[in-house]
Structures are given as C-alpha cells and as structure tokens.
Amino acid sequence: MLWSQTFIPTLKETPADAEIVSHQLLLRAGLIRKLTGGLYTFLPLGLKVLRKIEQIIREEMNRAGGIEVLMPALQPIDIWQQSGRYETASGVLFKVRDSARKEWVLGPTHEEVITSLAANELNSYRQLPKNFYQIQTKFRDEIRPRFGLMRAKEFLMKDAYSFDATDAGAMASYHKMYDAYNRIFARCGLQAFPVEADTGVIGGNYSHEFMVPAETGENDVVYCESGKYAANIEKAISRGPAEATPTESSGAAPDKFATPGVVTIEALAAAPYGVSARHQIKTLVFVADSKPILVLIRGDDSLNEAKLMAKTGAVQVRQATADEIVELLGARPGSLGAVSATLKTPTVPVYADEALRGARGMTTGANEDGFHLRHVEVDRDLKVTAWYDLRTVKVGESCVETQQPLKIRRAIEVGHVFKLGTKYSEKLNATFLAEDGSRHPAVMGCYGIGVTRTLQAVIEQCNDKDGIRWPVSVAPFTVCITPLTVAPESQPMTLARELAATLEAAGIEAILDDRDERPGVKFKDSELVGFPLRVNLGEKSLAKGEIELKPRGGTMRMVPIADAAAEVIAWVRAESARLQG
RNA sequence: CGGGACGUAGCUCAGCCCGGUAGAGCACUUGGUUUGGGACCAAGACGUCGCAGGUUCAAAUCCUGUCGUCCCGACCA
C-alpha cells in the first residue's frame with residue numbers, strides 16, 4: 001500500500017475536545033473523526049485495526065466452539081416487553097417509529113433476539129450445548145458519551161450467547177469463554193485481567209469483567225496483590241472495616257441532644273460534639289421501585305448502590321428528594337435516623353449494613369431538625385428489616401482470601417462474561433426436551449467484548465510521547481517503508497518497491513511512504529501512527545550498502561541491503577510469536 | 001438530568017473585562033530556495049465571530065434565550 005494512495009490525515013496539534021491520551025491519538029493519528037458527540041467515522045487506518053481485532057476475536061471464538069451469526073440491529077418491541085427489559089433497560093434504549101407509527105428499538109444487546117431464535121430452533125437436549133456469537137453495531141442512548149470510542153452511542157461489540165441443558169454445562173460454557181477472553185486480549189497485546197463483577201440490568205448470578213488497568217478507566221477494581229482476589233468495587237467484599245464497630249454499652253437510653261446546624265458526619269465529628277464518624281449511623285433514604293426505604297451505613301463508610309440494588313432485588317433505585325424525605329420522616333437530611341421510636345412511618349423497610357450488627361453507643365439523627373440521639377443500640381432501639389453487605393470496600397482492608405491489605409486501581413472494562421441461568425429462556429420460552437421427555441428452559445450465558453473500546457484501550461496502554469506503539473498483532477500496517485527520496489527511478493524508491501513486494505508475498509502488511517516530504521515529517525508521522533517497524537532507505541546508508549531497521553520505541557539497526565527483507569520478516573515473525581496467547 | 005467550562009478560518013488559539021477596520025501560528029494554493037527528525041522566503045485564498053432576539057448611531061465584545069461541544073456525578077462493552 002502506498003501512503004499517498006490511502007487517507008491518513010495526521011494532526012500536529014491536539015484537538016481541543018479530546019481529554020485522554022488514547023482519544024487524542026485516535027484523532028491525531030488519523031484513525032477516526034467525530035461526526036457528533038458519541039458518533040465516529042472510522043478512517044482507513046482505524047478500520048484496519050478494527051478488522052484485525054475482529055479477526056482475532058473471530059479466531060478465538062471459533063476455536064472455543066462459537067458459531068457466528070448476524071442478528072438484526074432493528075428489533076420489535078414485543079420481545080423486549082416479554083423479557084421485561086422494555087422497562088428496566090428503557091434508559092439506554094433507542095426507540096424509533098416507522099411510517100405506521102409502530103415502535104421499534106435499536107438493539108443495545110441481543111439476549112431477546114437470540115433467545116427467540118433458540119425458542120424456535122433448539123428443541124432437544126441433543127442440540128445442546130450451542131454458543132452463538134456475532135460482531136455487530138450496538139446502539140445505546142448513553143447518558144453521557146465520553147472519551148471518544150470509550151463510551152459511544154453506537155459501537156461495535158462482539159456478543160455471544162450460550163445455551164446448555166444443565167447448570168454444569170452452562171458453567172463449562174462460561175469457562176470456555178473466560179479462557180477465550182484471556183487469549184483474545186493477550187493476542188491484542190493488552191494486559192487485561194478478569195475480576196468478579198456485578199450483573200446489573202442483564203441479570204444472572206455469576207459474572208466476570210475483563211479489565212485493562214488505566215488511570216483513565218471508568219471502573220475501580222479492588223484487588224489483592226497475591227492475585228487471589230480481584231473484583232469490581234461494585235461487587236467487592238473485604239473482611240470488614242479496618243476499625244471495629246463500637247459495641248460497648250453504657251446502658252443508657254437514647255438521649256436526644258441539640259445539634260443546631262449540624263447536617264454532616266464531619267460536623268458532628270468536630271468540636272464541640274466530637275462524635276467520631278465510626279460512632280455514627282448514616283441514614284439514607286432511597287426510592288426503590290417506587291417505594292421508600294431506609295438504608296443504614298456506618299458514618300465512616302459509603303453506600304455501594306450496586307450492592308443495594310443487587311441485594312434488595314430492586315430494579316430502579318434513586319435517592320429520595322428532600323420533599324419526599326420530610327414527608328416520610330418529618331425532618332431534613334442531616335437529622336435523619338431509624339430509631340423506631342422516632343419513625344413517623346414505622347412500616348418503612350430498614351436495610352442495614354453488616355458492619356452495624358451489634359453496634360452500641362452510636363449516634364444518629366433524631367428525625368427532628370437540629371437534634372441527634374446518642375447512646376443508641378442497634379439491637380435494642382432499631383427494627384432492621386434485613387442485614388446486607390452494603391458498604392463500599394476501602395483501600396487497606398483485609399482480603400477475604402489472604403487477609404493481605406486490599407488495593408484499588410482504575411481500569412477500563414473491555415469484556416464481560418455472565419452466567420445468566422434461565423432468566424431469559426423462561427420468559428421467552430426457550431425450552432428443550434430432555435432425554436427423559438421432560439421439558440426445561442435452557443441454561444444461558446452471555447459474553448460481550450467492546451471491540452471499538454478494546455481498540456482504544458490498546459492505544460491507552462501502548463503509547464509514548466511520540467504517539468501510538470501498536471502491538472504487531474493489531475497494527476494497521478506492520479512495517480512502514482520510508483524512502484527518503486521518492487523520485488521514481490531513485491535507488492531508495494526502487495529498493496522500497498522491491499521490499500514492499502517481498503514483504504507482501506511473505507504475508508506481511510507494509511505501507512510505503514511515497515510522499516515527497518522531508519524526512520522529519522515522515523519520521524514523525526510514522527511514529528505518531530505507531531507502525532511497529534520502520535525501514536529507512538536513505539542515500540547515506542545505502543552508500544554504505546545498508547538499510548536501517550527502526551522498531552517503534554527501540555533502537556535503530558543497520559543491515560546489509562541484501563539481507564533486509566529476511567531481517568524484516570524474521571523480526572515480524574518473532575514479534576508475532578510473542579503475542580500468540 | 002444536576003454542577004462546571006467553552007463555542008472566533010480546516011486545526012490550535014488571541015481579541016471580549018473597557019462596544020467602533022476580525023487577527024496570529026499551523027494546514028491549504030502559486031513561485032523560488034531547501035532536503036536524515038514536523039524547513040525558509042514571497043505572494044495568495046479561506047470567516048454569516050454557533051444560532052435567534054434585544055440594548056446601541058455602532059455588537060465577536062453588553063443583555064436574554066437557544067443549540068452544540070467538553071469535563072465531574074447517576075448508566076455501561
């Protein structure tokens with residue numbers, strides 16, 4: 001491929017609306033251009049990388065027994081109503097109407113479609129297990145598109161769905177995908193690792209996310225350095241708070257005292273009150289599926305809303321408004337409590353974090369503006385509807401596996417595997433006949449990879465001050481051949497054309513920079529775009545009978561003209577071998 | 001949807017406070033000189049100052065509204 005014959009609009013300056021380095025480099029290296037927020041055009045080089053990642057995914061999915069299909073992006077709403085997600089996922093659903101005013105959705109994911117297919121086509125245990133996958137554009141009405149391809153309204157996703165006759169079979173399918181994902185990301189040159197994850201709107205009961213460590217990621221991962229424990233912070237557990245919850249009893253009854261103007265944990269912890277956060281009970285009011293609930297957390301902990309949703313089974317949870325709180329409790333935020341005697345509405349459910357079990361000598365709001373209660377004993381003074389682990393794990397807490405201190409780091413989620421169970425197969429009647437003639441819903445799993453996000457994650461992980469450093473497996477071109485003069489019959493250009501032809505014949509993709517530009521421009525561009533190996537053909541070296549090999553980010557090496565092609569091929573083969581998972 | 005910032009040439013930005021001729025660098029066109037790390041000289045082309053109202057003799061500049069973009073929070077591959 002000749003550079004002049006394709007389209008690589010590099011930018012010397014950083015576009016103003018790109019915040020993170022991978023987004024900046026996507027634009028500067030001429031891989032993508034924005035149409036509008038959350039929607040991007042892939043330019044030739046970006047598309048080449050995308051196709052390479054797709055191909056790696058396809059190879060590994062096929063190797064793991066996946067069967068490729070292609071489902072409609074435009075979907076009827078009835079299957080979404082049947083699964084119940086027309087409501088629960090309505091926040092991300094793009095809805096469109098046809099000329100007859102009939103409503104459709106643009107698929108954000110395909111459990112409904114594939115399960116409908118399975119309902120019709122998979123009727124016998126003899127047909128199971130099956131794992132269908134596709135690589136397709138997804139549409140999500142993201143509340144806030146962000147960071148270029150990281151969170152877009154439209155993005156390319158590989159999604160796979162497994163159907164098994166038994167739970168054990170479903171676990172086996174799950175682990176096949178888990179292993180395939182590890183290979184896929186390794187082959188893409190990414191350092192990605194699986195962590196335990198919350199299942200969210202998709203539902204199900206077992207799940208891992210594949211995370212790429214990066215400061216710009218949108219997730220916090222809690223992990224133990226032993227490697228024995230890693231989980232998304234939404235799901236993570238520990239052996240509890242570093243400091244124990246107070247349990248010593250003074251025997252005194254709850255005592256109301258005036259705290260004018262005190263509406264925060266910090267204010268109550270400060271003089272003249274001096275009630276440390278650990279001795280306070282934080283009372284939060286939420287509306288869960290339209291019903292108010294009270295949530296109790298130790299004063300120095302923070303609530304994990306994902307856990308709240310998961311544990312209570314609520315589908316939609318939001319914080320109550322100030323007006324709703326006053327109506328429910330008769331006081332404003334800052335003076336709220338759950339002590340039974342102070343509750344205006346005693347029937348309201350009270351969910352308490354495990355860390356508060358047996359707590360005594362606590363202080364909490366009196367449900368009267370400007371007053372708190374002290375000497376509160378949870379078991380004696382409160383009626384707790386249910387105890388759950390609701391707190392967010394903090395750095396340094398003890399690992400449940402090893403008791404070592406836990407760490408937290410930011411990461412980008414590039415893949416997610418779920419064991420779904422029979423949630424969708426039951427709702428959409430995907431049942432099969434077992435050997436004994438009994439009918440059962442298929443046991444399902446679903447498995448996603450954000451292909452476009454993976455592309456950007458590679459850039460986020462592989463770059464330096466000069467630009468991108470593509471792993472050979474996904475580089476748009478493996479070799480950039482750079483003649484320093486481009487007159488058609490010049491020696492550099494003649495040798496460049498020969499080398500390009502030889503590499504092509506060896507199955508190595510090369511781009512020949514035939515632009516009549518000064519060497520500096522060509523060097524800068526090739527480094528910005530990030531081709532793994534550049535071959536310089538300049539009169540200076542050629543006069544000594546040499547050609548220059550410059551690996552991206554490595555040191556230049558001279559090789560005799562006659563050996564150049566063989567040396568390049570050997571280099572590429574060695575690099576490729578390193579990335580074979 | 002809440003909070004913040006910003007919309008001026010293809011790109012990066014100045015001008016706005018204090019109203020009065022719309023600017024710079026890069027990119028682009030032409031000619032010349034250069035040619036191993038984003039060249040130089042000269043000439044040129046490129047703008048409804050996001051949009052709509054208002055105030056004013058006069059608005060990029062002041063006021064109101066609106067649209068868009070980016071960042072922080074709730075959502076997710």
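Protein chains get the first letters and strands the later ones, always in sequence-line order, with residue 1 at the start of each.
With sequence neighbours left out, the salt bridge (Lys or Arg N to Asp or Glu O under 4.0 Å) criterion links A:Lys52 to A:Glu509. In this view, A:Phe210 and A:Tyr178, A:Tyr181, A:Phe185 satisfy the ring-ring contact (aromatic ring centres under 6.0 Å, His included) rule, not counting sequence neighbours. Among residues two or more places apart in sequence or in another chain, the side chain to side chain contact (heavy atoms under 4.5 Å, CB included) test is passed with A:Thr137 by A:Phe139, A:Glu154, A:Leu156. By the salt bridge (Lys or Arg N to Asp or Glu O under 4.0 Å) test, A:Lys138 is found to be paired with A:Asp159, residues two or more places apart in sequence or in another chain being considered. Remark: A:Asp513 pairs with A:Arg515 by the salt bridge (Lys or Arg N to Asp or Glu O under 4.0 Å) rule, at least two apart or across chains. In terms of the side chain to side chain contact (heavy atoms under 4.5 Å, CB included) criterion, residue partners of A:Ala320 (sequence neighbours excluded) are, by chain and number, A:Val285, A:Val287, A:Glu324, A:Ile325. The salt bridge (Lys or Arg N to Asp or Glu O under 4.0 Å) check on A:Arg51 picks up A:Glu54, with sequence neighbours excluded.
Judged as a salt bridge (Lys or Arg N to Asp or Glu O under 4.0 Å), the pairs with a partner in residues 299-315 of chain A (not counting sequence neighbours) are, in order, A:Arg298-A:Asp300, A:Asp301-A:Arg391, A:Asp301-A:Lys394, A:Lys307-A:Asp389. The stretch residues 543-557 of chain A participates, sequence neighbours left out, in these salt bridge (Lys or Arg N to Asp or Glu O under 4.0 Å) pairs: A:Asp464-A:Arg552, A:Arg557-A:Glu567.
Interface residues of residues 284-296 of chain A facing RNA chain B, ordered by number: none; criterion, heavy-atom separation under 4.0 Å. For the contact set between residues 41-57 of chain A and RNA chain B, defined by any heavy atom under 4.0 Å, there are no members.
Between A:Leu484 atom CG and B:G36 atom P the separation is 8 Å, expressed in whole Å. Separating the CZ atom of A:Arg534 from the P atom of B:G37 is a distance of 11 Å, rounded to the nearest angstrom. The separation between A:Lys522 atom NZ and B:A39 atom P is 13 Å, rounded to whole Å. Between the CG atom of A:Leu93 and the P atom of B:C75 there is a distance of 16 Å, given to the nearest Å. Rounded to whole angstrom, the span from the CZ atom of A:Phe210 across to the P atom of B:A77 amounts to 13 Å. Look at CZ on A:Arg144: it is 8 Å from C1' on B:C70, rounded to the nearest Å. For the pair A:Glu305 CD and B:C76 P, the interatomic distance rounds to 12 Å; values are reported in whole Å. What separates NZ of A:Lys153 from C1' of B:U69 is a distance of 12 Å, to the nearest Å.
Remark: A:Arg534 engages A:Glu527 in a salt bridge, criterion side-chain N to carboxylate O under 4.0 Å. Checked for salt-bridge contact, A:Lys423 and A:Glu111 miss the test: no charged N lies under 4.0 Å from a carboxylate O.
In this structure, A:Asp159 reaches neither bases nor backbone, as no heavy-atom distance under 4.0 Å exists between it and the strands shown. Contacts of A:Glu142 with the nucleic acid, taken as non-hydrogen atoms under 4.0 Å apart, include base atoms. No engagement by A:Glu209 is indicated, since no non-hydrogen atom pair under 4.0 Å with the nucleic acid exists. As judged by a 4.0 angstrom heavy-atom cut-off over every strand, A:Ile449 is placed among residues making no nucleic acid contact. Counting any heavy atom pair closer than 4.0 Å across all strands shown, A:Ala306 reaches no nucleic acid atom. Heavy atoms of A:Glu548 sit under 4.0 angstrom from at least one base atom. Across all strands, A:Thr485 comes closer than 4.0 Å to no nucleic acid atom at all (heavy-atom distances). Using a 4.0 Å heavy-atom criterion, one finds that A:Pro15 contacts the sugar-phosphate atoms exclusively. No engagement by A:Tyr181 is indicated, since no non-hydrogen atom pair under 4.0 Å with the nucleic acid exists.
Using Watson-Crick or G-U wobble geometry with both donor-acceptor distances under 3.5 Å, B:C17 finds no partner in any strand shown. With a 3.5 Å ceiling on both atom-pair distances, the Watson-Crick or G-U wobble partner of B:C1 is B:G73. The partner of B:U12, taking Watson-Crick or G-U wobble pairs whose two distances both stay under 3.5 Å, is B:A24. Judged by Watson-Crick or G-U wobble contacts below 3.5 Å, the nucleotide B:A52 has B:U64 as its partner. For B:U35, there is no paired nucleotide, since no Watson-Crick or G-U wobble pair has both relevant distances below 3.5 Å. Pairing of B:U29, defined by two Watson-Crick or G-U wobble distances under 3.5 Å, is identified with B:A43.
Counted by atom type alone, A:Thr216 and A:Glu460 present one or more donor-acceptor pairs between their side chains at under 3.5 Å.
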Per-nt protein contacts along nucleotides 23-31 of chain B (heavy atom under 4.0 Å; B base, S backbone sugar-phosphate only, - none) come out as --BSS----
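B:U29 shows a glycosidic angle more than 90° from 0 and is accordingly assigned anti.
For the C1' atom pair drawn from B:A60 and B:C41, the interatomic distance equals 33 Å after rounding to whole Å. Here, B:G25 and B:U69 have their P atoms 31 Å apart, quoted to the whole Å. Comparing B:A14 with B:A22, their C1' atoms are spaced 11 Å from each other, to the whole Å. Taking the C1' atom of each, B:C26 and B:G38 are spaced 10 Å apart, rounded to whole Å. Between B:U61 and B:U48, the distance separating the two P atoms is 16 Å to the nearest Å. Rounded to whole Å, the separation between the P atoms of B:G54 and B:C11 comes to 31 Å. Here, B:G4 and B:G44 have their P atoms 47 Å apart, quoted to the whole Å. Taking atom P in both B:A27 and B:G68, one finds a spacing of 34 Å when rounded to whole Å.
Residue side chain A:Arg140 does not reach the base of B:C76 through any donor-acceptor N/O pair under 3.5 Å, judged by distance alone. Counting atom types as modelled, A:Arg515 pairs no side-chain N or O with a base atom of B:G38 as donor and acceptor under 3.5 Å. The base of B:G73 lies outside donor-acceptor range of the side chain of A:Glu218, with no N or O pair under 3.5 Å.
Projected onto RNA chain B by closest heavy-atom contact, A:Asp516 and A:Thr10 fall at different nucleotides, the more 5' of which corresponds to A:Asp516.
Side-chain N or O atoms of A:Gln461 include none that pairs as donor or acceptor with a backbone N or O of A:Leu190 at under 3.5 Å. Judged by distance alone, with hydrogens and angles left aside, the side-chain atoms of A:Asp514 form a donor-acceptor pair with the main-chain N or O of A:Ser4 at under 3.5 Å.
In this pair, A:Tyr40 and A:His23 present their aromatic rings perpendicular. The plane angle is above 60°, beyond the 30 to 60° band.
Residue A:Phe155 and nucleotide B:A77 are classified as a stacked aromatic pair, their ring centres being separated by less than 5.5 Å at an interplanar angle below 30°.
OP1 and OP2 of B:G36 both lie 4.0 Å or more from every side-chain N or O belonging to A:Ser541. At least one side-chain nitrogen or oxygen of A:Lys34 sits closer than 4.0 Å to the OP1 or OP2 atom of B:C70. At least one side-chain nitrogen or oxygen of A:Arg146 sits closer than 4.0 Å to the OP1 or OP2 atom of B:G73.
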